[in-house]
Colleague: 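First, the structure itself, so that you have it in front of you.
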Amino acid sequence: MDIKERIDTLRRELNEHNHNYYVLNMPTISDREFDIKMKELEALEREHPEYYDELSPTQRVGSDLTKGFEHVTHERPMMSLANTYSIGEVDEWGARMDRALEGEEYNIVGELKFDGTSISLIYRHGRLVRAVTRGDGTQGDDVTANIKTIKSIPLQLMPGDWPDDFEIRGEILMPWEVFEQLNKERAYNEEPLFANPRNAASGTLKMQDSREVARRRLDARFYYLLSDNLPCDNHYDNMQAAARWGFKVSKAMKLMHTLSDIDDYIHYWDEHRKELPVATDGLVFKINNIRQQVSLGYRAKSPRWAVAFKFNPERACTPLRFVSFETGRMGIVTPVANLEPVQLSGTIVKRASLHNEDIMVDLDIHEGDSLYVEKAGEIIPQITGVDTTQRKPGAAKVEFVKTCPVCGTPLKRAEGESAWYCPNKEGCRPQITGKIEHFCARRMMDIDGIGEETAELLYAAGLVRRIGDLYHLKESDLAGLERMGEKMAQRIIKGIDESRQVPFERVLYALSIPNVGETTAKRIARVVKSLDALEAMSLEELTAIPDVGPIIAASIYDYLREPSNMENIRDLREAGLQLAVSADKMEATGNVLEGKSIVISGTFARHSRDEYKDIIMAQGGKNVGSISKKTSFVLAGENMGPAKREKCQQLNIPMISEEEFLAMISAPAEDERVEDAKTSEGEERIDSVPAEDANPNEDWMDEWINGWKK
């Protein structure tokens with residue numbers, strides 16, 4: 001391979017890995033492997049400047065820009081740090097600082113490198129006004145609404161000597177405890193597990209529902225203060241000031257004077273980081289004096305005055321006892337390595353998922369092999385390799401099973417998919433009991449008393465073979481079961497009876513339709529309104545539902561036409577479950593926004609942006625992402641971007657506040673008036689909506705908007 005070919009290959013691979021990491025939150029290689037590829041590309045580009053490309057991965061920071069959030073340009077670029085992996089490399093950096101500062105005295109600040117997602121917060125007059133992700137380093141996503149849900153982030157600063165206008169940077173983190181609970185929920189729902197708290201935090205911060213963000217209890221740590229009027233002339237004292245103002249600044253931050261201090265700091269935290277409640281993946285060392293930082297300057301993508309030291313992942317080698325194969329609720333068969341117990345990061349590891357056949361083939365595992373297990377700051381143990389030097393002669397290769405380990409049915413594999421599944425949905429015990437347990441869970445039908453053990457008990461007794469059977473149960477059926485007392489039986493029957501009032505969107509989620517999770521079920525319910533309507537839809541009509549692509553549409557279509565599912569739904573209908581959106585929710589919809597193209601911008605108090613999109617759609621309107629002459633109006637929340645505001649003024653597009661919008665869709669009675677609507681500058685839009693035009697089925701809104709334009 002010639003030089004140009006190698007450069008092109010590295011650029012292509014690094015761009016792909018950036019996308020996996022920042023956009024999909026599903027990295028496929030380790031940080032170290034990524035850095036090795038990046039350093040190779042940097043070296044080749046230095047040696048061959050004739051192949052310079054301004055779009056090379058070396059010229060930018062990986063992007064996490066996501067559709068659905070307003071993009072905001074950073075006031076100051078958010079750069080990454082150069083990485084080192086040994087004390088010797090850190091000492092070399094220290095020697096370069098000596099030479100660059102030409103013998104001038106300096107101090108170094110050591111701090112923990114928290115493994116989360118980067119954030120920039122803007123404060124004016126002591127109040128939080130904007131929160132922006134790092135994005136591509138030049139611009140990021142405005143996630144202010146979600147950041148406000150994090151209790152460790154101050155919205156209003158405590159009295160102090162803070163500047164009127166400043167930026168503070170840090171990491172949004174998911175504590176280990178929350179991460180473990182979240183993955184338990186995802187495992188239960190047979191959703192892909194988050195590999196580590198960093199990916200979980202990043203994914204959470206990009207959610208459209210701020211309430212769900214709040215439920216996940218994110219945390220934060222701050223490490224850098226920027227302003228034209230900093231309180232101190234050095235980094236350490238600035239961060240101590242930030243701590244006094246109410247920011248969560250790590251107490252591990254330390255002021256150091258010699259390379260020996262740095263080495264001691266590395267040795268200490270390489271061991272004690274395992275005791276922290278949040279994930280770290282290294283340390284950061286910075287020149288303390290701000291003037292010296294400015295003098296040392298920057299490279300293309302990182303400051304010269306700072307360096308990161310990355311911890312080596314904690315790794316152990318332990319013998320494989322056997323590989324088990326486990327069938328889940330949706331029929332997917334997962335291989336699991338059962339290991340001789342080994343301690344990693346303070347916990348005993350006995351099992352580690354091998355995920356699917358493709359990964360098993362890549363690892364080339366044989367019976368009795370010694371396997372490398374890593375956590376590397378991740379709480380989920382991962383098998384990363386095999387010590388082939390310990391392999392016994394003649395050891396047989398571990399093969400993926402061809403039949404279901406429970407019911408013996410030959411497995412199938414969908415084209416383009418990595419997972420094998422058992423197609424015996426009606427006769428495979430773990431699929432049936434898993435669906436019963438899922439149906440009864442709190443966020444589905446909330447039937448108290450039926451968990452994993454009770455679901456197995458009901459199945460073994462022949463009482464429940466599909467979820468519709470639950471509604472035929474009587475107290476007398478339960479009374480004679482093992483570990484089932486009278487009170488428990490009464491509690492279960494009461495829960496089954498009360499589940500008849502659970503709203504349609506939760507019933508839809510509880511059905512265990514492949515690929516239909518909680519959010520998708522809500523969206524489908526709001527659009528389709530009833531199971532009858534859903535059953536009547538063609539594949540093309542299903543695909544037209546927002547956020548329902550061809551795969552989900554096919555899953556729904558096939559599920560609703562499978563005879564056993566049709567029979568099950570018939571039982572649920574006869575049992576009186578809510579298989580349509582309730583009347584009060586039906587009344588909330590209409591055609592008030594028929595034919596209107598609406599842009600949503602900013603943050604809101606009454607509903608999330610995602611909820612407003614649903615409301616617009618339910619009222620016949622169309623959500624559009626950018627402002628043009630065809631835009632009917634902008635639903636403008638707090639912190640609307642100046643660029644969008646300016647474009648509205650240029651094109652004479654109305655900006656409707658949250659309260660005005662809610663009044664607009666509430667279909668006012670004939671004798672009501674819409675209060676005077678003002679722009680943010682106080683300009684008059686229109687005095688009132690005439691009473692004779694207050695019917696939402698007529699043209700009153702067009703006249704209101706046209707009146708604003710005049």
Side-chain angles (χ1 to χ4, degrees), residues 68 70 145 208-211 503-505 519 522-530 533 545-547 580-628 630-640 644 648 653-680 684-709:
E70 182 180 352
Q208 297 291 334
D209 188 344
S210 295
R211 293 170 300 182
F504 173 48
E505 62 267 22
T519 301
K522 286 180 181 178
R523 191 173 299 278
I524 292 170
R526 289 171 184 169
V527 174
V528 178
K529 303 293 189 293
S530 73
I545 299 172
D547 296 337
V581 174
S582 61
D584 60 330
K585 289 188 178 180
M586 284 282 199
E587 291 171 2
T589 63
N591 61 352
V592 174
L593 302 176
E594 188 76 42
K596 300 289 183 281
S597 295
I598 302 161
V599 172
I600 301 176
S601 182
T603 58
F604 302 93
R606 301 279 295 277
H607 298 279
S608 69
R609 289 166 67 104
D610 206 38
E611 287 173 330
Y612 275 122
K613 288 179 182 179
D614 289 342
I615 290 170
I616 289 169
M617 185 168 56
Q619 294 284 358
K622 180 181 179 182
N623 291 289
V624 291
S626 58
I627 298 168
S628 69
K630 295 181 180 179
T631 302
S632 303
F633 64 86
V634 173
L635 172 54
E638 293 183 17
N639 303 318
M640 178 178 170
K644 284 189 176 178
C648 283
I653 304 296
M655 290 177 283
I656 308 297
S657 73
E658 184 175 19
E659 295 304 321
E660 290 165 343
F661 177 78
L662 292 173
M664 179 186 292
I665 64 170
S666 66
E670 289 189 5
D671 61 346
E672 290 179 337
R673 299 290 189 271
V674 175
E675 295 181 2
D676 293 353
K678 305 286 183 177
T679 67
S680 58
E684 184 175 359
R685 292 186 183 173
I686 192 166
D687 290 336
S688 65
V689 178
E692 61 270 21
D693 291 333
N695 189 330
N697 295 319
E698 297 182 10
D699 298 325
W700 68 272
M701 189 183 301
D702 286 328
E703 292 191 16
W704 187 25
I705 292 172
N706 290 334
W708 187 95
K709 290 182 177 180

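All values reported here derive from a predicted model rather than from experimental measurement.
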Colleague: Could you tell me which residues satisfy side-chain contact (heavy atoms from CB on, under 4.5 Å) with V599, sequence neighbours excluded, listed by chain and number?
Modeller: V624, I627, T631, V634, K644

Colleague: Identify the heavy atoms of L635 and S657 that sit nearest to each other, and give their distance.
Modeller: CD1-O, 3.9 Å

Colleague: Heavy atoms only: give me the nearest A525-F504 pair and the separation to one decimal.
Modeller: CB-CD2, 3.7 Å

Colleague: What's the separation between atom NZ in K630 and atom NZ in K622, rounded to the nearest 0.5 Å?
Modeller: 8.0 Å

Colleague: Could you tell me which non-hydrogen atom of E658 sits nearest to which non-hydrogen atom of Y612, and how far apart they are?
Modeller: OE2-OH, 2.6 Å

Colleague: Below 30° counts as parallel, above 60° as perpendicular, anything between as tilted: where do the rings of F633 and F661 land?
Modeller: tilted

Colleague: Set out, in order, the CA-CA distance, both residues' side-chain angles and the distance that settles side chain to side chain contact (heavy atoms under 4.5 Å, CB included) for L593 and M664, then state yes or no.
Modeller: CA-CA 9 Å; L593 302 176; M664 179 186 292; 4.2 Å; yes

Colleague: Say you draw a straight line from CD1 of I656 to CG of L662; how long is it, rounded to the nearest 0.5 Å?
Modeller: 12.0 Å

Colleague: Could you walk me through whether I600 and I616 pass the side chain to side chain contact (heavy atoms under 4.5 Å, CB included) check?
Modeller: CA-CA 10 Å; I600 301 176; I616 289 169; 3.8 Å; yes

Colleague: Quick one: does any side-chain atom of S632 pair with a main-chain N or O of S597 as donor and acceptor, under 3.5 Å?
Modeller: yes

